[in-house]
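Just below is one structure, and these are the notes that go with it.
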Amino acid sequence: MKAAIIGHGKMGREIEKILLERGHRIGAVIDEANASELDAAHLAGIDVALEFTTPDAAYGNIRACIDAGIPVVSGTTGWTNRLEELRSYCREKGGALFYASNYCLGVNLMFRLNRRLARMMERFDAYDVRIEEIHHTQKKDAPSGTAITLAEGIISEIGRKTGWVNEPSDDLSQIVVTSLREGAVPGTHTVTYESDDDRIELKHTIKNRRTLALGAVVAAEFLCGKKGVYTMDDLLK
């Protein structure tokens, strides 16, 4: 597989290592300094692109890959209000897009457990629910894409509202999402259900970026040669 890396920051460099470890080739590395090279001419011969950049750049990057006929895997968060627009565009163009807010296998198992727990808790009105996410100080978006996915999972099961706030809520229909930025933390997410008498916690901690990069490369291997729009649910089937 000949891959293009779009975004050569910490994640991009980790993805590069894993691609090479798994016997793949790097056909292009595109970052801010050579962003103009994200076109069909410079992507000729590329089998798949991996896009991990910034919220303001992601939409244009992914669309450029679709226009160039290159399957693209993206994990950039903070811009997904336009994700459905891109998915429709990808289908219209006969392209291939794989998007996930988090590529860690454990996190995606947590997404499933989160939905299951929400279904179980729906009948118990005494419990308030909140989400806390902690990331490194360089993370640009808050709340994290993973926290948003967790909140959306709860909303889909029990219909609670979401508040991107940092204070406890007295409204039991509200999902309070708190974002903290500390040191070099790769990512910790905790879903808490609490009543006056007890507390239930569902928690996942990422130890390093390698697990995220590995998941992205596995997604690229999955997407290579395909058409359509995919998520981690498709990969984990």
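Hydrogens, waters and symmetry mates are skipped; everything else that's a heavy atom, side chains included, is used. The model shown is predicted, which means the values in this text are computed figures rather than measured ones.
Using the six-membered ring where Trp is involved, Phe98 and Tyr230 have ring planes that are parallel, under 30° apart on the 30 and 60° scheme.
The pair Arg181-Glu133 meets the salt-bridge criterion, with a side-chain N (NZ, NE, NH1 or NH2) lying under 4.0 Å from an Asp/Glu carboxylate O. Looking at Arg116 and Glu157, no side-chain N of the basic residue comes within less than 4.0 Å of a carboxylate O on the acidic one, giving no salt bridge. Between Arg25 and Asp47 there is no salt bridge, since no side-chain nitrogen of the basic residue lies less than 4.0 Å from a carboxylate oxygen of the acidic one. A salt bridge is absent between Arg130 and Asp128; no separation between the charged side-chain nitrogens and carboxylate oxygens falls under 4.0 Å. One finds a salt bridge joining Arg210 and Glu21 here, because a Lys/Arg side-chain nitrogen approaches an Asp/Glu carboxylate oxygen to under 4.0 Å. Ion pairing between Arg119 and Glu122 fails under the 4.0 Å rule for side-chain N and carboxylate O.
Rounding to the nearest 0.5 angstrom, the gap separating the CG atom in Leu97 from the CD1 atom in Ile62 is 6.0 Å. Atom CG of Asp125 is separated from atom OG of Ser195 by 12.0 Å, given to the nearest 0.5 angstrom.
Side chain of Asn114 to backbone of Met110: no donor-acceptor contact under 3.5 angstrom is found. Between the Thr137 side chain and the Glu182 main chain, no donor and acceptor come within less than 3.5 Å of each other. Remark: the backbone N or O of Cys104 is paired with a side-chain donor or acceptor of Asn102 at under 3.5 angstrom. At least one donor-acceptor pair closer than 3.5 Å links the side chain of Lys226 to the backbone N or O of Phe222.
Proximity of Leu19 to Ile5: side-chain heavy atoms (C-beta onward) are separated by under 4.5 Å at one or more points. Between Arg199 and Tyr193 there is no side-chain heavy-atom pair separated by less than 4.5 Å. Residues Val191 and Ile154 are in side-chain contact: their nearest non-hydrogen atoms beyond the backbone lie under 4.5 Å apart. Residues Leu150 and His189 are in side-chain contact: their nearest non-hydrogen atoms beyond the backbone lie under 4.5 Å apart. A heavy-atom distance below 4.5 Å is found between the side chains of Val177 and Ile175. Side-chain contact between Tyr99 and Thr77: present, with at least one pair of heavy atoms (C-beta onward) separated by less than 4.5 Å. A heavy-atom distance below 4.5 Å is found between the side chains of Met11 and Leu212.
No side-chain donor from either of His204 and Thr188 sits under 3.5 Å from a side-chain acceptor of the other. In the model, Tyr127 has a side-chain atom that pairs as donor or acceptor with a side-chain atom of Asp198 under 3.5 Å. His24 and Glu221 share a side-chain donor-acceptor pair at under 3.5 Å.
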Could you please spell out the steps behind the side-chain contact (heavy atoms from CB on, under 4.5 Å) verdict for Trp79 and Leu86? CA-CA 11 Å; Trp79 66 277; Leu86 266 186; 3.7 Å; yes
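Considering all non-hydrogen atoms of both residues, Glu14 and Ala213 come closest at CG-CB, 3.6 Å. Nearest heavy atom pair, residue Gly78 against residue Pro55, reads O-CB, 3.7 Å. Nearest approach of Ala216 to Phe52, heavy atoms of both residues: CB-CZ, 3.6 Å. Residues His42 and Ala28 share a closest heavy-atom pair of O-CB, 4.4 Å.
For Arg87, the salt bridge (charged side-chain N to carboxylate O under 4.0 Å, His left out) partners at least two apart in sequence or on another chain are Glu84.
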